[in-house]
Amino acid sequence: MQKIDQILKALAKEAIGEKWGIQLEEELIQVQKTRKDFTGDFTVVTFSLLRYSKLSPEETGTILGAYMQEHSIMVAGFNVIKGFLNLEISQQYWKEFLDGELKAEAYGTLNADKDSPLVMIEFSSPNTNKPLHLGHVRNNLLGHSVARILKASGNRVQKVNLVNDRGIHICKSMLAWKKEGNGANPESTGQKGDHLVGDYYVRFDQLYKAEVAALVDRGKSKQDAEAGATVLEEAREMLRLWEADDVEVRALWETMNSWVYKGFEETYRRMGISFDKTYYESNTYKLGRELVVRGVEEGVLYKKEDGSIWANLEDEGLDHKLLLRSDGTSVYMTQDVGTAHQRFEESGFDSHIYVVGNEQNYHFQVLTIVLKKLGYEWADRLFHLSYGMVELPEGKMKSREGTVVDADDLMDEMEATARQMSEELGKLENFSEEDKTRIFRQVGMGALKYFILKVDPKKNMIFDPRESVDFNGNTGPFIQYTYARIRSVCRKGKEIEKCTSAEALNEKEIALVHMMYEYPEILREASRALNPSLVANFLYELAKEFNQFYHDHSILSADSPGQVCQRLLLVEATGNIIESGMDLLGIEVPERM
RNA sequence: GCCCCCGUAGCUCAGUGGAUAGAGCAUUGGAUUCCUAAUCCAUGUGCGCAAGUUCGAUUCUUGCCGGGGGUACCA
């Protein structure tokens, strides 16, 4: 089925040729969705055509409209207001759409095959010294949703995680545990592993601060105290031992990391996200060194007298960037050069997306430039999906000040709120505890996911816990509730035979059909822009449109059996799109709530 | 200092080179003999400022103001 705007453009082009003898490129003809307050479905903007018609906007629109109505059964009527030619699409066309394309399995989505583009997407990328918090939640939800959207748009997608499991921060947790843990572990304490380890990370910071304060009291300068604290020196020593493969340190490291992974796994499972492959920085941190050294040999990078290696980025308007320390160890950039190389060698990806916060915009800008310098033609296939920070109403989250929002706590709270809401409203009273728990989980998680994904990724957002547990209005539960009502109607109407639509569509019905018609377009745009918020906001508009229809018109008690059936088609199609769209956001939809 | 992002209603967010810039929350009031009222309807206020490009700018460009981030031999 050809898209309506394409047909209209071709028709308008024909009219222009016929009336004014000009052969115009179709791209020069503006066709847009008619704004809500005006009659019509699609609008041709005439202003750019005036130079050809040499007539007023109104006259131009009227001539075009008359021609288009006369020459196509698709155009049922038109009006011209201030140079905007509003076209009404015939009921016939909408009905064909309703009976055909809209009924198709997985309407709007494309399937990938062997030859489809391969997209690699890295997200989550946690540190193993503390549990996941709200910032990670945004990262994870974005990564997961973008991966789904890309897949539904006909790409092969590979989701990867890069765990930062080495470095001084992990040693800090290990050291504090060694000093004060007394052998505590997740089994003995009943605490989730990532939280347990996170607590020792915090404990280290307390020890460190106490020692610095003590040193300052004894007359040391703050700077000397901070640099010379023995706990920090011990942590550094531990890192040295780790790098030297010290058996004891490595064993502790592996034990504590395994606690953390178990905890992460639980959090990921609860969030409904997964990866096709997980990389560990302890395995990859040496990658890239060789490539950088080769870059020096090829003359695209340079070495200072102290042995450190640098890239000169002045041609790109940037500074010089360190790629290898004077002691020969790698920096973050070196590692990313290595992993990008490795992943391309492994997969030959067509594009690679990094879901990383916007504080690393500079890093990824430099990464692309350095890879180009090293001669990788695929450097331009890397894309940094840069998202804004999540802030609390009282300001930034700071782990030191205890103002972080923990991911697990947050999920608990959302589910508890879903339960409370439901009980207050007296819903689900005769459901089993098992069913209730499942539904509250779906609703609570739906609220959280939608709250975060409806915001444009690149913008910073404010997370207000009070607002997040409001399940009315532009929220996940609003859309889920709409879906539950749809399913309820469908269950009751299912004895009615399948039919084709024959009855006249009313205004609300056309509005609904028109919105659903736009769904594939929205998906394509979301995929192109890597922006789930487009899907989220579309679903909200769709649900709202449906609720108005539902409120104004009876479905099961419509005027005639034919109308009942036609409305059921419409209702079912709406439900399918909500389900499919919510799935792209990683949100489940309940049959009842 | 330099670089990047953001600035839309009291708050949280949509949106667009085009018509009278929208939603939710909050406020106030209304709707349920009927498909789930977690619904629907009504109710005021706003594109940071200034110039430019354009038939037309909230949208594009430049400058300024405000907020955030970056500019580490940290990751």
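Note on naming: letters A, B, ... go to the chains in the order of the sequence lines (proteins, then strands), and numbering restarts at 1 for each one. For the numbers below, each heavy atom of this structure counts, side chains included, while hydrogens, waters and symmetry mates do not.
- Counting any heavy atom pair closer than 4.0 Å across all strands shown, A:Glu316 reaches no nucleic acid atom.
- Checking B:C13, B:C55, B:A75 against the side-chain heavy atoms of A:Phe47 singles out B:C55 as nearest.
- Here A:Ser422 lies in heavy-atom contact (under 4.0 Å) with a base.
- The cationic atom of A:Arg592 (NZ for Lys, CZ for Arg) does not lie both less than 6.0 Å from the six-membered ring centre of A:Phe431 and within 45° of the ring axis.
- The aromatic ring of A:Phe478 is not stacked on the base of B:A38, since the criterion of ring centres less than 5.5 Å apart with planes inclined by under 30° is not met.
- Residue A:His553 is in base contact, counting any heavy-atom pair closer than 4.0 Å across all strands shown.
- The phosphate of B:G22 has OP1 or OP2 within less than 4.0 Å of a side-chain N or O from A:Arg35.
- Checking the phosphate oxygens (OP1, OP2) of B:A38, a side-chain nitrogen or oxygen of A:Tyr481 falls inside 4.0 Å.
- When each of A:Lys454 and A:His551 is assigned the nucleotide of RNA chain B bearing its nearest heavy atom, the one mapping closer to the 5' terminus is A:Lys454.
- A:Thr475 comes within 4.0 angstrom of no nucleic acid atom, judged by non-hydrogen atoms across all strands.
- Comparing B:C4, B:C35, B:C73 by their closest approach to the side chain of A:Ser326 singles out B:C73.
- Contact annotation for A:Ser557: no contact, since no heavy-atom pair falls under 4.0 Å across all strands.
- Considering only side-chain N and O atoms, A:Ser488 lies under 4.0 angstrom from the phosphate OP1 or OP2 of B:U36.
- Residue contacts for A:Ile462: at a heavy-atom cut-off of 4.0 Å it reaches the sugar-phosphate backbone alone, with no base atom in range.
- Looking at A:Lys459 and A:Glu391, no side-chain N of the basic residue comes within less than 4.0 Å of a carboxylate O on the acidic one, giving no salt bridge.
- Checking B:C4, B:G70, B:C6 against the side-chain heavy atoms of A:Lys458 singles out B:C6 as nearest.
- Within the structure, a side-chain polar atom (N or O) of A:Arg485 is placed less than 4.0 Å from OP1 or OP2 of B:A37.
- A close approach under 4.0 Å does not occur between any side-chain nitrogen or oxygen of A:Asn537 and OP1 or OP2 of B:A14.
- In this structure, A:Thr475 contributes its side chain and A:Phe471 its backbone to a donor-acceptor pair below 3.5 Å.
- Remark: A:Glu415 does not engage A:Arg441 in a salt bridge, criterion side-chain N to carboxylate O under 4.0 Å.
- The residue A:Leu534 sits close only to the backbone: its heavy atoms come under 4.0 Å of sugar-phosphate atoms, none of a base.
- At a threshold of 4.0 Å, the pair A:Lys36-A:Glu545 counts as salt-bridged, since one of the basic side-chain nitrogens sits closer than that to a carboxylate oxygen.
- Residue A:Met593 is classed as a base contact, given a heavy-atom separation below 4.0 Å to a base.
- A salt bridge is absent between A:Arg325 and A:Asp327; no separation between the charged side-chain nitrogens and carboxylate oxygens falls under 4.0 Å.
- Between A:Glu525 and A:Arg528 there is a salt bridge, with a side-chain nitrogen of the basic residue lying less than 4.0 Å from a carboxylate oxygen of the acidic one.
- Nucleic acid contact class of A:Asp327 (heavy atoms, under 4.0 Å, all strands): none.
- If you take CE of A:Met333 and C1' of B:G70, they are 12 Å apart, rounded to a whole angstrom.
- Atom CE of A:Met461 is separated from atom C1' of B:A14 by 14 Å (rounded to the nearest Å).
- Of the candidates B:C73, B:U71, B:C25, the closest approach to any side-chain atom of A:Asp306 belongs to B:C73.
- Of the candidates B:G68, B:U36, B:A23, B:A23 carries the atom nearest the A:Lys544 side chain, counting heavy atoms from C-beta on.
- Side-chain proximity of A:Leu425 to B:A38, B:C55, B:G15: nearest is B:A38.
- Taking the six-membered ring where the residue is Trp, A:Tyr208 and A:Phe204 present parallel rings, their angle staying beneath 30° rather than reaching 60°.
- At the phosphate of B:U39, OP1 or OP2 sits under 4.0 Å from a side-chain N or O atom of A:Asn472.
- Remark: P of B:A38 and NZ of A:Lys427 are 3 Å apart, rounded to the nearest angstrom.
- Within 4.0 Å of A:Asn460, counting heavy atoms only, lie sugar-phosphate atoms of the nucleic acid but no base atom.
- Put simply, A:Lys492 has a side-chain N or O that comes within less than 4.0 Å of OP1 or OP2 on B:U36.
- The listed nucleotides are B:C25, B:A75, B:U20; the one nearest the side chain of A:Lys82 is B:U20.
- When both distances must be under 3.5 Å, the Watson-Crick or G-U wobble mate of B:A21 does not exist.
- Counting any heavy atom pair closer than 4.0 Å across all strands shown, A:Glu281 reaches sugar-phosphate atoms only and no base atom.
- Of the charged side-chain nitrogens involved, at least one lies within less than 4.0 Å of a carboxylate oxygen, so that A:Arg491 and A:Glu591 count as a salt-bridged pair.
- Nucleotide B:U59: unpaired (no Watson-Crick or G-U wobble partner with both distances less than 3.5 Å).
- Rounded to an integer number of Å, the gap from A:Phe451 CZ to B:A14 P is 11 Å.
- Among the heavy atoms of the strands, none lies under 4.0 Å from A:Asp552.
- Within the nucleic acid shown, A:Asp336 has no heavy atom closer than 4.0 Å to any nucleic acid atom.
- Nucleic acid contact class of A:Tyr362 (heavy atoms, under 4.0 Å, all strands): sugar-phosphate only.
- When the P atom of B:G24 is taken as reference, atom CD1 of A:Ile452 falls 22 Å away, rounded to whole Å.
- Base pairing of B:C73 is not made with any nucleotide, judged by Watson-Crick or G-U wobble geometry with both donor-acceptor distances under 3.5 Å.
- Rounding to whole angstrom units, OH of residue A:Tyr52 and P of B:C55 are separated by 13 Å.
- Whole-Å rounding puts the A:Glu525 CD to B:G15 P distance at 10 Å.
- Taking 4.0 angstrom as the limit, A:Lys459 places none of its side-chain polar atoms (N or O) nearer than this to OP1 or OP2 of B:G68.
- The side chain of A:Arg325 places an N or O atom within less than 4.0 Å of a non-bridging phosphate oxygen (OP1 or OP2) of B:A75.
- Between A:Gln548 and B:C41 there is a side-chain N or O to OP1 or OP2 distance below 4.0 Å.
- Stacking of the aromatic ring of A:Tyr540 onto the base of B:A23 is not found under the criterion of centres within 5.5 Å and planes under 30°.
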